[in-house]
Every structure is written in C-alpha cells, then in structure tokens.
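Inspection log for the structure reproduced underneath, given as structure tokens.
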Amino acid sequence: MLNSLWLETAYPRTAYPPATMDTTCDICIIGGGLSGITTAYLLAKAGKKVVLLEKDRILEGASGNTTGKLTTQHDLVYAGLLKKFGEDSARLYYKTNDAAIRFAQSISEGDELRTANSVLFAQTDSGVHSLRNEAAVYEQLGIPFDRRLNFELPLPVKETLTLTNQAQLHPVRFGQHLAKLAQSEGVQLCEHSAVRSMNLKDKSLQLSNGIVIQFDELVLCTHYPIEALRGMNIMKLEVNRSYLISAPADMPLQGQYLSVDGPKRSVRTAYIDGRPHFLLSGETHRAGSTSDTTIHYNRLSDELQSIYHLGEPIHTWAAQDPSTPDLIPYAGPISKSMPYVHICTGFRKWGMSNSLAAAHIVSDQITGRKNPGIPLYAPDRTGFGTRLFQAIKTTGFVLNEFTGGHITRAKAPICTHMGCRTRWNTGDETWDCPCHGSRFRKDGSVLEGPATRPLDLND
Ligand code: FES
C-alpha cells in the first residue's frame, strides 16, 4: 500500500476545521495542493478575502506524492518548447519557472527546501545527441548551464547537462509552511469540505454539509478543472502515473538526476530530520492502463538493491498528474466569457515549480498585476478553455456532483466520473480509472478525482 515518504514525515498532520458557516468571500479556491495554497497566500497578501476548500486533508494528493524536485530542468523540455512556441515563449517558460524557485527560496525557513543542482544524464549515443541538442537550446535561450561531467551515481554515463542553483523540497513540509503563512494572511483554510454543487452564474457553491460559499472569483486547483461536471468530455488532459521508492542511505547525493534514455529514472536524496533518504522513481505509464503495478515497484526495488546496494525500500508510493497537449500547464480564466473562473492544472509531473508559477499567474491576473507568463499559460491557447466554457454552458452553469454512467458490471466496478470501467491495481490496492485518472480505495471511496462519488462495489 502507498506510504509516501513525505506524508509519513510531515508531523503533526494538519487539522484545519471544515467550513461550518455560510460565507461570502472575494476568492474561493478549490483544492488544497501547492497551487491552491500558494494562490490563496498570494491573494490574501494582496488584501483579498480568501476561502480555500479541500475535500480531504491538504497536500495529500499530487503534492504529497511527488519527487519534490523544484527545478526549471523539466526533462528535455526546452528543445520542444522552442519548436512549438518559438524562442521568446521558451525563454519565458524558463523565466517563469525560475521565478517560482526564487519565490520558494525566499519564503522557506526550515529544512523543507534545500538548494541542489539538477543533472540530466545520457548513457547512449542517442541520449548524447538529445542532450547536446538541449544544451544548444539552453545556449540560444541564455539559460546558464554546466556541461562538465558531473555525476555521482554508480552507472555508466556518457554526458551530463547541469543546471546549478535549483532546489529540492520536502513538498508536504513546504506546503504546510505555506499554509501557515496563508493562514496568517487571513486565508480561511477548510479541510474535509467537499463541494456538492456550483452555480457559476450566481457565483456560489454548496458543500456536502449544506454550507453555501458566495464568491466573486473562483479558482479550481484540482487535477481536473471541474470535477463535478456531468458528462463533460475533456479528453485533452492525459494522466500519467509514476512510481517512487525510498530507503535510508549513508551516502547523500549533492545533485538530483534524471536520465534522458529509457527506462527513465529520477534520483535524489531527501534530508529529513538530519537523515538522508535515497529516492528512485520512474516506470511511467498512462494512469489506469495496467493492473499489475507491483511489477513497477519490483523493478525499482531490484535496482535499488543491485545498483545502489541499498536494502528493501521503506517507502513506496505513486504519483499521477495530467498533461496538456503542448507541454505548458493551464493557469488562468477558463475563457473570456467566464473571466471569474480560473483553473490551474496540467503540470506534467513538474508541479513543484509549475504549481508555484501557475499560482503567481492566476493571482496576478486577479489582482491586475502584470505577469508576462499570463498568455503563455492561458487555458484558451489550445481551445481548451472555450470547450470547457461550452460544456459548462450546456449545464446552465450549474454543476452538480457527477452521478456516473451505469454500465453493466463484468469484473471491475464502473468509475463514477463518466462511466469508464476501472482496473484493480494490485500494487497499491486501489481501483484506477484509465479515462481521467480517478482512483478509489479498496472499499470504493474516492482517493483521487475527478470522480467525487464512491464506487458501487455491490452491483
Ligand atoms: Fe473519468 Fe473515470 S471516467 S476518471
């Protein structure tokens, strides 16, 4: 079963009270991950009255299950961005994410953030070719880098590409610190406050306990932007899943590493309460596309022992994150027709820097501050925002908890989001949906959205 190193070493766990009184606010934020908490903090700091709603406990979703690498080196992304968007946009993506790292460094106080180099490494000729191509793009964009062979792992390596002055997070401790900052700025943080329905025309929403929140602006910081929209056909966000394991290690690494060849591997050390933990991750696949996930944990575990000479992993967990079709997340208003509903999603597994960047983009847009990243992250650049708006329009702007398509059950139960058949995940003991990445616990309760209702296991 999942036991994220981050969630198990973030104590005491948060205990923010649920919303129990009808409230009117300037901004209501749904989703208590890093993007939601950061947006709340920035907006409250700018003088807004902010309510943040989290259906479970904050930071227990994607933010609590990542590698915690806070870097602008998002794999071989810059060559792709240059090709798709041109030089100015590729450079802007770098600057936007670099600013996110500097923001995190500026607010961090304890051991939740550590400065470290990020290193891409190639082990094959084709990997070397890709790395050199990426380095040439760094040069063109003015991204400072180091090409000297800089490698601490016991693997054969041909070439490396290093970005200095990047960072590593304990993402849950960092998020908890941010939550405290947000609260001290006046944010009303509400855990165990699931949204039952939203009326976007009336600018109001109702929680499962009947409490009504009235807002001027709404920010959806959930995996899928509208988790409660019945029948909406958002197929443009692909959800991928990766596996992580960790074990105590005597030899702390100075850098954090990512292979450019397959199978992809990501490696770092986490220093928690003075003790180093070795983290190994990889084995990415489309969420819900496979049942036997123990294979992935076993492969990583074998490498941990045979290559790194460490013992059995103490912590094993998995992360999943949606990706947009064009490498850049969505952050901003759904569309011009609905400028008061904003989304933050599609971080493509680079959510540490991108969630902070998205939070700055959304909060700057709401407060009218200039931010050059606004058009780059605009949800409507791919037509996504317009489709989302049209889908919302067909519901009369009232979004109810999705009740689920009910299809004849053969083996696995039917996902309550839009009726796809789930698969049993043997490694994590969860029901996973291949369509949009919903995950359910063994007892059918929702572990991760977009689904909001439990599975019917008795059908
Ligand atoms: Fe959408 Fe299952 S049908 S997550």
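Numbering starts at 1 and runs along the sequence shown. Whatever order the structure lists them in is the order used to number ligands and atoms, beginning at 1. FYI, side chains are in, hydrogens and waters are out, and symmetry mates aren't considered; it's all heavy atoms of this structure.
In this structure, Asp26 does not pair ionically with Lys49, as no charged nitrogen and carboxylate oxygen lie closer than 4.0 Å.
A distance of 10.5 Å separates CD of Glu448 from CZ of Phe440, quoted to the nearest 0.5 Å.
Classified by interplanar angle (parallel below 30°, tilted 30° to 60°, perpendicular above 60°), the ring pair Trp350/His74 is parallel.
Here is the list of ligand 1 atoms found below 4.0 Å of a heavy atom in Met418: 3 (S). Near Ser438, with a cut-off below 4.0 Å to any heavy atom, the atoms of ligand 1 are 4 (S). In summary, the atoms of ligand 1 found under 4.0 Å from a heavy atom of Cys415, numbered by their order in the structure, are 2 (Fe), 3 (S), 4 (S).
Screening Met338, Gln365, Glu217 against Pro333 for a side-chain contact (heavy atoms from CB on, under 4.5 Å) leaves a single residue, Gln365.
For a distance bound of 2.8 Å, the N, O or S atoms of His436 include one lying that close to atom 1 (Fe) of ligand 1. Backbone or side-chain N, O or S atoms of Cys433 reach atom 2 (Fe) of ligand 1 at under 2.8 Å.
For the pair Arg173 and Tyr11, the cation-pi test (distance below 6.0 Å, angle within 45°) is passed.
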